[in-house]
Amino acid sequence: MNKKNKNYSSSSNSNNNNNNNNSSSSSSSSSSSSSSSIYYNICFEPLLINFLKKCLPESGRILEIEGRHKFYKDITNYFDKFWCIFDKEEIIGTVAIRKLFKTSCELKSLYLLEKYHGKGYGRLLLETAINYAQKRGYDKMYLDSISTTSKNAIRLYRKAGFINTQKYNDNIYSDVYMVLELNK
């Protein structure tokens, strides 16, 4: 089946969680299942928590939903934008954007279940976030990551044009800091 990409887009501050603005085009990549990317809706919280419980351990991480990951219980206030990719009724991947500085944003929460790696979904999520940031007028997109557990993601970031940069935050878990010039 073809991958179906519907990007329902609305700002995090909007009260309308069902805004159906089809702003991204269909992809011709194929995969064994049908999926769509949808901006986050509060009703997805249980699905998101279940997804994170499965996905984070696949890359050596532990979900601390009452601790350092508590922002996942307040998506609309923490992020500018948050997207999920579904396979039927299951979230299989996520990506988010958070305003960092006046003209810079941060790529956050690019996660994808391992069984969906190599099918173009990670690239789709990354491109969705980059396109959104460019349309919002951001000049730079930053990210932090972990070199030992995120090798595939770091390769994806480099292919998209991200380069190493100085540490820009106080994340004690990250050891890789990258930036992408959005207005090249």
Side-chain angles (χ1 to χ4, degrees), residues 3 5 7 9 11-12 23-24 27 29 37 39-40 48 51-65 67-72 74-75 77-85 91-184:
K3 210 175 351 179
N5 303 316
N7 181 7
S9 165
S11 75
S12 298
S23 63
S24 99
S27 170
S29 299
S37 65
Y39 98 100
Y40 184 77
L48 176 64
F51 163 75
L52 294 167
K53 284 179 181 176
K54 282 192 266 184
C55 190
L56 292 182
E58 290 181 348
S59 62
R61 295 171 172 90
I62 297 170
L63 178 63
E64 298 174 29
I65 199 64
R68 69 186 183 111
H69 297 122
K70 65 184 172 192
F71 55 84
Y72 286 117
D74 192 19
I75 295 285
N77 289 315
Y78 188 79
F79 298 102
D80 265 6
K81 194 69 111 178
F82 193 98
W83 296 268
C84 301
I85 289 188
I91 294 175
I92 63 168
T94 61
V95 70
I97 293 291
R98 184 167 190 216
K99 184 175 183 174
L100 191 59
F101 306 114
K102 185 175 181 177
T103 60
S104 301
C105 64
E106 185 175 27
L107 181 72
K108 301 293 291 179
S109 303
L110 180 52
Y111 298 125
L112 184 65
L113 291 173
E114 275 184 2
K115 72 180 187 176
Y116 294 93
H117 287 198
K119 298 177 190 244
Y121 295 117
R123 187 183 72 249
L124 172 67
L125 287 165
L126 181 58
E127 288 172 355
T128 298
I130 290 170
N131 290 337
Y132 172 81
Q134 288 172 324
K135 288 177 185 173
R136 292 288 303 226
Y138 289 118
D139 294 330
K140 293 180 182 179
M141 178 182 284
Y142 289 84
L143 67 83
D144 63 19
S145 194
I146 304 168
S147 62
T148 57
T149 60
S150 300
K151 291 178 179 158
N152 290 338
I154 292 168
R155 268 194 302 277
L156 178 65
Y157 302 144
R158 289 194 195 292
K159 284 181 186 177
F162 282 87
I163 59 171
N164 290 345
T165 192
Q166 300 289 327
K167 183 173 182 169
Y168 65 90
N169 64 25
D170 60 359
N171 185 344
I172 62 170
Y173 301 97
S174 295
D175 63 347
V176 174
Y177 301 89
M178 302 179 87
V179 64
L180 176 67
E181 296 286 336
L182 294 171
N183 296 323
K184 279 188 170 181

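What's counted below: heavy atoms across the whole structure, side chains too, no hydrogens, waters or symmetry copies.
- The minimum heavy-atom distance between Lys108 and Phe79, with the atom names listed, is CB-CE2, 3.5 Å.
- Defined by atom type and a distance below 3.5 Å, a donor-acceptor pair is present between the side-chain atoms of Asn164 and Arg158.
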| task | Evaluate side-chain contact (heavy atoms from CB on, under 4.5 Å) for Ile163 paired with Met178, printing each intermediate quantity in order. | result | CA-CA 5 Å; Ile163 59 171; Met178 302 179 87; 5.9 Å; no
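- Between Ser104 atom OG and Tyr142 atom OH the span is 5.0 Å, to the nearest 0.5 Å.
- Side-chain atoms of Lys54 and Leu113, non-hydrogen and from C-beta on, do get closer than 4.5 Å to each other.
- For the pair Glu181/Lys140, a side-chain contact is recorded, criterion being any heavy-atom separation below 4.5 Å from C-beta on.
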| query | Which is it for Tyr177 and Asn169 under the side-chain contact (heavy atoms from CB on, under 4.5 Å) test, yes or no, and what are the steps along the way? | reply | CA-CA 9 Å; Tyr177 301 89; Asn169 64 25; 3.4 Å; yes
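- Of all heavy-atom pairs between Tyr72 and Ser109, the closest is OH-OG, 2.6 Å.
- Listed for the His69 side chain is no donor-acceptor partner under 3.5 Å among the backbone atoms of Leu63.
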| said: Checking Leu125 against Ile85 for the side-chain contact (heavy atoms from CB on, under 4.5 Å) test, could you report, in this order, the C-alpha distance in whole Å, the side-chain angles of both residues, the deciding distance, and whether it holds? | reply: CA-CA 8 Å; Leu125 287 165; Ile85 289 188; 3.5 Å; yes
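- Ile146 has its side chain out of reach of Val176: every pair of non-hydrogen atoms, C-beta onward, lies at least 4.5 Å apart.
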| said: Evaluate Leu156 against Leu110 for side-chain contact (heavy atoms from CB on, under 4.5 Å), listing each step before the verdict. | reply: CA-CA 11 Å; Leu156 178 65; Leu110 180 52; 4.2 Å; yes
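- Between the side chains of Tyr111 and Glu58, no donor N or O sits under 3.5 Å from an acceptor N or O.
- In this structure, the side chains of Lys99 and Cys105 stay at 4.5 Å or more apart for every pair of heavy atoms.
- The distance from the CD1 atom of Ile97 to the NZ atom of Lys81 is 10.5 Å, given to the nearest 0.5 Å.
- Rounded to the nearest 0.5 Å, atoms OH (Tyr168) and OG (Ser174) are 7.0 Å apart.
- Distance CZ/Arg136 to CG/Leu182: 13.0 Å, rounded to 0.5 Å.
- Taken to the nearest 0.5 Å, the CG atom of Leu107 stands 13.0 Å off from the OH atom of Tyr132.
- Listed by chain and number, the residues in a side-chain hydrogen bond (donor to acceptor under 3.5 Å, both in side chains) with Ser150 are Arg61, Ser145 (sequence neighbours excluded).
- Counting heavy atoms from C-beta outward, Thr94 and Trp83 have side chains that stay 4.5 Å or more apart.
- Between Ile130 and Ala160, the closest heavy-atom pair is CD1-CB, 4.3 Å.
- No more than 12 heavy-atom neighbours from other residues, nucleotides or ligands sit within 6.0 angstrom of NZ on Lys151.
- Residues Ile75 and Leu48 have side chains in contact (heavy-atom distance under 4.5 Å, counting atoms from C-beta outward).
- Atom-to-atom distance recorded for Ile92:CD1 and Glu114:CD is 13.5 Å, nearest 0.5 angstrom.
- Considering only residues two or more places apart in sequence or on other chains, Tyr138 meets the ring pair (Phe, Tyr, Trp, His ring centres under 6.0 Å) condition with none of them.
- For Arg98 and Phe82, the positive end is not near the middle of the six-membered ring at less than 6.0 Å and at most 45° from its axis.
- In this structure, the side chains of Lys159 and Tyr157 stay at 4.5 Å or more apart for every pair of heavy atoms.
- Nearest approach of Met141 to Ala133, heavy atoms of both residues: CE-CB, 3.5 Å.
- In this structure, the side chains of Leu112 and His117 come closer than 4.5 Å at one or more pairs of heavy atoms.
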